[in-house]
Amino acid sequence: LIKGTSEFGKELDSLTDFVSFGIAPVFILYFWELNNYGKLGWAIALIYSVCCVLRLARFNLTKNENDQDWKNNFFEGVPSPAGGVLVLMPLVFSFSELQFIKINYNLVVPSIFIIISILLISKIPTYSLKKIVVPRSMTIFLLFTVVLYFGLLLIYNFNTILISGLAYLLFIPVSTTHYYKINKKFMTQFDDNDDHEDIL
């Protein structure tokens, strides 16, 4: 916003992300459920935190080529903010009004920790939503959707967060398919260009 980006700011941003999404959720869930596991609970929490910091370190080192700007629309693995929300899903579910399924938190909480930890350090493409261009004709609908979402978030906060988290998980296969479809098209064009250069 102020044209003041720097390498220092880049590292500082990742540090604040780690504290907000790699440490805070861990402490919340540890004192809520994982403390019942003793040292194993600490180990599970540590695994998530380590995977979160590794994911942020990889993000800082990732640079796309100029001819691959389309990759900026995707993350490698689940980003740490999304991971922080997803790992809190069992706690959010316990406060929501959607408890139509009885779940065993002793089993679900550690499982969620491990699954999200793997997703953080995986190379599964997920949408970054950074460079999405919204047509002018769709702006009013986008604003309406944003206002509606935040309205629901204020009124039905836990239910909205829970549904949003589930929707995000469902979109991971969609983003992966979309990524490989674009990559295949890009590689085909790249191979065609190489053939032309060889002929010349």
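Note: hydrogens, waters and symmetry copies are ignored here, and every other heavy atom, side chains too, is used. These figures come from a predicted structure and were not determined experimentally. If you read the sequence from its start, that first residue is 1, and numbering goes on from there.
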* To do: Tell me, with the steps shown, if Ile23 and Phe18 meet side-chain contact (heavy atoms from CB on, under 4.5 Å).
  => CA-CA 6 Å; Ile23 295 179; Phe18 176 59; 3.6 Å; yes
* List the steps and the verdict of side-chain contact (heavy atoms from CB on, under 4.5 Å) for Leu152 and Tyr149. => CA-CA 5 Å; Leu152 292 172; Tyr149 178 80; 5.7 Å; no
* Could you walk me through whether Leu34 and Phe113 pass the side-chain contact (heavy atoms from CB on, under 4.5 Å) check? -> CA-CA 10 Å; Leu34 289 179; Phe113 258 89; 3.6 Å; yes
* Could you give me the CA-CA distance, side-chain angles and deciding distance for Phe74 and Ser128, then say whether side-chain contact (heavy atoms from CB on, under 4.5 Å) is met? => CA-CA 5 Å; Phe74 297 90; Ser128 70; 5.8 Å; no
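The distance from atom CD1 of Ile116 to atom CD1 of Ile121, rounded to the nearest 0.5 Å, is 12.0 Å. For the atom pair CD1 (Ile112) and CD1 (Ile103), the distance works out to 8.0 Å, reported to the nearest 0.5 Å. Going from atom OG of Ser117 over to atom CG of Leu54 covers 10.5 Å, rounded to the nearest 0.5 Å. To the nearest 0.5 Å, atom CG of residue Leu56 and atom OG1 of residue Thr16 are 9.0 Å apart. Here the OH-CD1 distance, from Tyr180 to Ile182, works out to 12.5 Å after rounding to the nearest 0.5 Å. Rounded to the nearest 0.5 Å, atoms CG (Leu170) and CD1 (Ile163) are 11.5 Å apart.
Using a 3.5 Å distance cut-off with no hydrogens or angles, the side chains of Ser14 and Asn60 do pair a donor with an acceptor.
Between the side chain of Asn36 and the main chain of Glu33, a donor-acceptor pair closer than 3.5 Å is present. No donor-acceptor distance shorter than 3.5 angstrom exists from the side chain of Ser80 to the backbone of Cys52, with no hydrogens or angles considered. The closest donor-acceptor contact from the side chain of Ser96 to the backbone of Asn159 lies at 3.5 Å or more, if one exists at all. Within the 3.5 Å criterion, the main-chain N or O of Asp17 finds no donor-acceptor partner in the side chain of Ser20.
Within the 4.5 Å cutoff, side-chain heavy atoms of Tyr127 are placed close to those of Val174. Here the side chains of Pro90 and Trp32 are in contact, with some heavy-atom distance below 4.5 Å. Counting heavy atoms from C-beta on, the side chains of Met89 and Leu162 come closer than 4.5 Å. Counting only heavy atoms from C-beta outward, the side chains of Tyr30 and Ile44 never approach each other to under 4.5 Å. Between Ser111 and Ile114, every side-chain heavy-atom pair lies at or beyond the 4.5 Å cut-off. You'll find the side chain of Thr126 stays beyond 4.5 Å of the side chain of Tyr179, heavy atoms only. Within the 4.5 Å cutoff, side-chain heavy atoms of Tyr48 are placed close to those of Leu120.
Leu88 and Leu119 end up in the same hydrophobic cluster when Ile, Leu, Val, Met, Phe, Trp and Tyr side chains are linked at under 4.5 Å. In this structure, Tyr156 is not a member of the same hydrophobic cluster as Val85, with clusters built from ILVMFWY side-chain heavy atoms closer than 4.5 Å. Connection of Phe95 to Leu154 is not established within any shared hydrophobic cluster, with ILVMFWY side chains joined at heavy-atom distances below 4.5 Å, either directly or through further cluster members. Both Leu166 and Tyr168 sit in one connected hydrophobic cluster of ILVMFWY residues. Membership requires side-chain heavy atoms under 4.5 Å apart, directly or through other members. Under the 4.5 Å side-chain heavy-atom criterion for ILVMFWY residues, a single connected hydrophobic cluster contains both Leu86 and Ile161.
Between Val78 and Ala82, the closest heavy-atom pair is CG1-CB, 3.8 Å. The heavy-atom pair separating Ser49 from Val26 by the smallest distance is OG-CG2, 3.5 Å. Of all non-hydrogen atoms in Arg58 and Glu76, the two that sit nearest each other are NH2-O, 2.7 Å.
In this structure, Phe93 and Tyr105 have tilted ring planes: the angle between them lies in the 30° to 60° band.
Counting non-hydrogen atoms of neighbouring residues, nucleotides and ligands closer than 6.0 angstrom, the CZ atom of Phe141 reaches no more than 12 such neighbours.
Taking the ring axis of Phe75 as reference, the NZ or CZ atom of Arg55 stays within 45° of it and closer than 6.0 Å to the ring centre.
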